[in-house]
Protein chains: 2
Amino acid sequence: MSSVPAAENVLRLLTYLAAHRRPVAASAVARDLGLPRSSVYHLLAVASERGFVVHLPAERRYALGPAAFELSGGYASQQPLARLGRPLLAQLVDRLRESGHLAVLHGADVLYLVEERAPRRPSLVSDVGVRLPAHLTASGRAMLAALSPAQRRAAVPLPLVTRHGDPMSPARLHAMLATARRTGLAVEDGEVTPGLASMGVAVLDRAGWPAAALAITFRASDDAPRNEIASQLTATARELERRLFGS
Amino acid sequence: MSSVPAAENVLRLLTYLAAHRRPVAASAVARDLGLPRSSVYHLLAVASERGFVVHLPAERRYALGPAAFELSGGYASQQPLARLGRPLLAQLVDRLRESGHLAVLHGADVLYLVEERAPRRPSLVSDVGVRLPAHLTASGRAMLAALSPAQRRAAVPLPLVTRHGDPMSPARLHAMLATARRTGLAVEDGEVTPGLASMGVAVLDRAGWPAAALAITFRASDDAPRNEIASQLTATARELERRLFGS
DNA sequence: CGATAGTGTCTGATATCCCAGACAATGGAG
DNA sequence: CTCCATTGTCTGGGATATCAGACACTATCG
């Protein structure tokens with residue numbers, strides 16, 4: 001425990017609320033975070049005053065407030081990745097008429113920073129600010145492929161499971177990542193959303209570390225223009241690297 | 001000051017970082033938040049451990065981290081507005097081929113929750129998680145128009161200024177809001193971004209309070225299909241009301 | 001290069017925050 | 001309706017978090 005426990009606990013509270021798809025009861029917070037109930041009320045009170053939490057008295061529950069949401073705007077401004085990546089991704093999506101996103105690796109997951117939806121395409125499961133396990137997504141695989149073996153071991157938790165909780169073979173992931181390393185392209189086909197496939201390309205920094213990945217999501221049909229997508233996606237990732245890191 | 005000052009201060013820290021477009025030095029945090037320097041380092045340390053802040057040693061500055069960004073995903077999930085509004089806005093944007101957004105009123109500002117960019121349209125100034133003064137935007141005007149006079153007085157700070165810092169007449173805003181009230185439509189023309197205009201319609205709850213506004217941004221030319229935009233926008237706002245609040 | 005200002009880390013005494021617990025209010029089930 | 005569980009609010013003493021300050025390190029400027 002840190003030297004500023006109240007500060008740490010309020011951050012744990014926000015993280016907890018963000019992980020829940022529904023507003024949460026104070027007693028659940030106390031139980032799940034292992035904090036005294038009265039302390040939780042204090043934290044909720046101060047977080048409410050500051051706009052990070054809203055109390056829903058009718059439901060006797062708490063949810064994140066506008067100030068929590070607003071951090072995303074600040075993050076996006078401070079992060080060159082999102083700021084420089086967005087217009088490039090927008091152009092790519094306009095050209096290909098398929099939806100795309102920019103994601104970063106965060107622990108064992110990918111975190112989606114930018115999403116560009118193409119016309120007549122559904123909103124993606126990869127909503128901004130949402131996480132998915134890296135090993136299940138094209139973006140995640142592209143980035144994992146670019147890590148050193150030690151980094152990869154640290155990033156990927158065992159045992160591996162699919163999106164539905166079934167076991168997944170490490171050898172299968174290993175083979176996919178080897179292919180991604182060789183071709184520069186990572187793929188995902190129907191594993192996140194049936195009927196949809198994705199291609200991902202890592203955006204590497206000067207040290208070869210995957211700072212991000214760009215991906216395009218398309219219908220998994222036989223006539224999908226995979227070669228076109230692959231070459232445009234790769235060119236866009238290279239351009240983003242150039243803008244971010246110089247070349 | 002609250003009964004949990006460390007919790008409050010770490011939230012103030014996050015708010016401060018979110019308000020800065022660039023990473024920030026610890027000494028600036030201490031100075032501007034009026035906190036002891038050593039306390040700031042403690043807060044930054046715990047926020048870093050929890051992923052809410054990242055330290056950029058090369059610049060000797062601090063920025064928001066991925067956990068801060070991730071709160072936006074949680075917020076969007078918990079908020080029916082964003083969840084139910086996004087697909088409706090997506091359809092509207094696909095139909096009109098113009099970009100649109102969904103915003104809420106927060107203090108004197110609008111806060112953008114959802115943005116849908118149309119093909120070949122620029123990324124909007126109204127990036128998600130960003131604020132603009134309500135009185136300058138179509139969404140904000142639509143919502144201000146729907147407030148009671150007392151609520152409006154509380155929401156709109158005087159003196160009014162334009163985006164470039166010039167004075168703006170309260171009588172002019174008053175006239176615009178009266179028109180918006182009469183027609184159900186609020187407009188903004190070149191004031192946020194030269195050459196671009198927006199139309200906004202408020203989404204009212206059962207008590208007639210503006211829970212949100214939908215807006216469409218388009219080129220401010222004489223041949224813009226304003227009537228088409230107006231009727232589609234209004235229909236979408238009514239549908240969102242129906243889905244959120246029943247009718 | 002040296003001087004200076006700023007950054008980061010650490011310390012410890014004392015003021016204050018945190019926790020356990022009590023009580024009031026509310027909601028739901030039988 | 002009563003009973004019980006849950007939610008929300010409040011209290012106060014002792015453990016500990018906080019603040020002022022010291023020191024080491026780093027970057028910049030003349």
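- A/Thr162 is linked by a side chain to side chain contact (heavy atoms under 4.5 Å, CB included) to A/His164, A/Asp166, A/Met168, counting only residues two or more places apart in sequence or in another chain.
- For the segment residues 22-32 of chain A, residues with any heavy atom less than 4.0 angstrom from an atom of DNA chain D are, sorted by number, A/Ala25, A/Ser27.
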Please report, to 0.1 Å, the donor-acceptor pairs under 3.5 Å made by any side chain of residues 142-154 of chain A, with sequence neighbours excluded.
from     : atom 1 : to       : atom 2 : distance (Å)
A/Ser148 : OG     : A/Gln151 : N      : 3.2
A/Ser148 : OG     : A/Gln151 : OE1    : 3.3
A/Gln151 : OE1    : A/Ser148 : N      : 2.9
A/Arg152 : NH1    : A/Leu144 : O      : 2.8
A/Arg152 : NH1    : A/Leu147 : O      : 2.8

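- Residues B/Leu88 and B/Leu102 have side chains not in contact (no heavy-atom distance under 4.5 Å, counting atoms from C-beta outward).
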Give me, pair by pair, the N or O atoms of the protein and of nucleotides 19-24 of chain D that are less than 3.5 Å apart, along with how far apart they are.
from   : atom 1 : to      : atom 2 : distance (Å)
D/dC19 : OP2    : B/Ser39 : OG     : 2.3
D/dA20 : N7     : B/Ser38 : OG     : 3.4
D/dA20 : N6     : B/Ser38 : OG     : 2.8

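- Legend: residues meeting side-chain hydrogen bond (donor to acceptor under 3.5 Å, both in side chains) with B/Ser139, ordered by chain and number and at least two apart, are B/His101.
- Partner of B/Arg238 under the side chain to side chain contact (heavy atoms under 4.5 Å, CB included) criterion, chosen from B/Leu233, B/Val203, B/Val201: B/Val201.
- Within residues 51-64 of chain B, the residues approaching DNA chain C are B/His55, B/Arg60, B/Tyr62, by heavy-atom distance under 4.0 Å.
- Judged as a salt bridge (Lys or Arg N to Asp or Glu O under 4.0 Å), and not counting sequence neighbours, the contacts of A/Arg50 are B/Glu8.
- For A/Arg243, the side-chain hydrogen bond (donor to acceptor under 3.5 Å, both in side chains) criterion is met by A/Glu239, not counting sequence neighbours.
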Under 3.5 Å donor-acceptor pairs involving side-chain atoms of residues 21-44 of chain B, not counting sequence neighbours:
from    : atom 1 : to      : atom 2 : distance (Å)
B/Arg21 : NH1    : A/Ser77 : OG     : 2.7
B/Asp32 : OD2    : B/Tyr16 : OH     : 2.5
B/His42 : ND1    : A/Ser3  : OG     : 2.9

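- Between its opening and closing five pairs, the helix from C/dC1-D/dG30 to C/dG30-D/dC1 changes axis direction by 50°, a value rounded to 10 degrees.
- Annotation: ring-ring contact (aromatic ring centres under 6.0 Å, His included) contacts of B/Phe69 (sequence neighbours excluded): A/Tyr75.
- A/Tyr41 has a side-chain polar atom (N or O) that falls below the 4.0 Å cut-off from OP1 or OP2 of D/dG8.
- Here salt bridge (Lys or Arg N to Asp or Glu O under 4.0 Å) pairs that include residues 67-76 of chain B, with residues two or more places apart or in two chains, are A/Arg131-B/Glu70.
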